[in-house]
Amino acid sequence: MIGVDLEDHATAARLGQVLDDLLWSQAGGSVIATAFTESDPVHAALSATRRIHSFEPSARVVRVHPDLVTIPAIAARVGVSRQAVQQWVAGGGSRLFPAPYASLEPEVKPIKVWRWADVTPWLWEVKGLAFEALPTPPQVARIDAELCRLADDMEAEPGARIVSM
């Protein structure tokens, strides 16, 4: 997040006291707050957003982190070889592996990436491997739409800064 410095010990201590039910991490220059829930993920995400804003009034949560993974990352998370994941991606089974979310085009060879939330249902349904429940694409769309609405409301507030997750 821009405006929330996890390296600052005082901020980290306050986060640990006030928002201790969220998991805080950094990825790609952004601060990520992960909310765990056994109920409605849309409600949980928006509730966490309001609490973050109460903690840091100038903070703004921008979107749901897409948690993009490559073939090596999927292999590491699942505990199988890269070759096994490459075979899943190549197909041939009764249920096709999810389509890549994007293909990054470096000069030598494209790198396919998937949203982890698209991979985990396939792992359960086809391989019987259970992972944490994640918001579905329609739930992510609802959360992101509400975050945009909240961001528009915040822009009317003086001194608002952008904070990304």
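All of these numbers come straight from a predicted model, not from anything done at the bench.
No chain of hydrophobic side-chain contacts below 4.5 Å, direct or via other Ile, Leu, Val, Met, Phe, Trp or Tyr residues, connects Leu68 to Ile71. At a threshold of 4.5 Å between side-chain heavy atoms, the hydrophobic network of Ile, Leu, Val, Met, Phe, Trp and Tyr places Val113 and Val85 in two separate groups. Note on Val69 and Val126: same hydrophobic cluster, where clusters join Ile, Leu, Val, Met, Phe, Trp and Tyr whose side-chain heavy atoms are under 4.5 Å apart, directly or indirectly.
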Using distance only, find each side-chain donor-acceptor pair of residues 98-106 under 3.5 Å and give its atom names and separation, not counting sequence neighbours.
unit_1 : atom_1 : unit_2 : atom_2 : d
Ser103 : OG     : Glu105 : OE2    : 3.4

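Looking at residues two or more places apart in sequence or on another chain, you find a side-chain contact (heavy atoms from CB on, under 4.5 Å) between Glu7 and Asp5, Gln26. Applying the salt bridge (charged side-chain N to carboxylate O under 4.0 Å, His left out) criterion to Arg77, with sequence neighbours excluded, gives Asp67. Applying the ring pair (Phe, Tyr, Trp, His ring centres under 6.0 Å) test to Trp116 and every residue at least two apart in sequence or in another chain returns Phe131. Among residues two or more places apart in sequence or in another chain, the salt bridge (charged side-chain N to carboxylate O under 4.0 Å, His left out) test is passed with Arg142 by none. Take Ser54 and apply the side-chain contact (heavy atoms from CB on, under 4.5 Å) test, not counting sequence neighbours, and it matches no residue. Take Phe36 and apply the ring pair (Phe, Tyr, Trp, His ring centres under 6.0 Å) test, not counting sequence neighbours, and it matches no residue. Shown here are the salt bridge (charged side-chain N to carboxylate O under 4.0 Å, His left out) partners of Arg51, two or more places apart in sequence or in another chain: Asp21. Residues forming a side-chain contact (heavy atoms from CB on, under 4.5 Å) with Asp144 (at least two apart in sequence, or on another chain): Arg63, Val64, Val140, Leu147. Checked against side-chain contact (heavy atoms from CB on, under 4.5 Å), Ala145 has no partners two or more places apart in sequence or in another chain.
At least one donor-acceptor pair closer than 3.5 Å links the side chain of Trp122 to the backbone N or O of Leu96.
Between Val89 and Trp114 there is a side-chain heavy-atom pair separated by less than 4.5 Å. A 4.5 Å side-chain heavy-atom check between Trp24 and Leu6 finds at least one atom pair inside the cut-off. The closest side-chain heavy-atom distance from Leu22 to Thr34 is not below 4.5 Å.
Note: Ile52 CD1 to Leu15 CG = 8.5 Å, rounded to the nearest 0.5 Å. Here CZ of Phe97 is found 12.5 Å from CD of Gln87. Values are rounded to the nearest 0.5 Å. A distance of 10.5 Å separates CD1 of Ile74 from CD of Gln86, quoted to the nearest 0.5 Å.
Closest of all the heavy-atom pairs between Ala44 and Ala35 is O-CB, 4.5 Å. Nearest heavy-atom pair, Val42 versus Ile143, reported as atom, atom and distance to 0.1 Å: CA-CG1, 3.8 Å.
Sorted by first and then second residue, the side chain to side chain donor-acceptor pair (under 3.5 Å) pairs with a member in residues 38-47 read Thr37-Ser39; sequence neighbours excluded. Each salt bridge (charged side-chain N to carboxylate O under 4.0 Å, His left out) pair with one or both residues in residues 116-139, not counting sequence neighbours, appears once here: Arg95-Glu125, Arg115-Asp118.
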Run the numbers on Trp88 and Leu123 for side-chain contact (heavy atoms from CB on, under 4.5 Å), then give the verdict. CA-CA 10 Å; Trp88 298 345; Leu123 290 169; 3.6 Å; yes
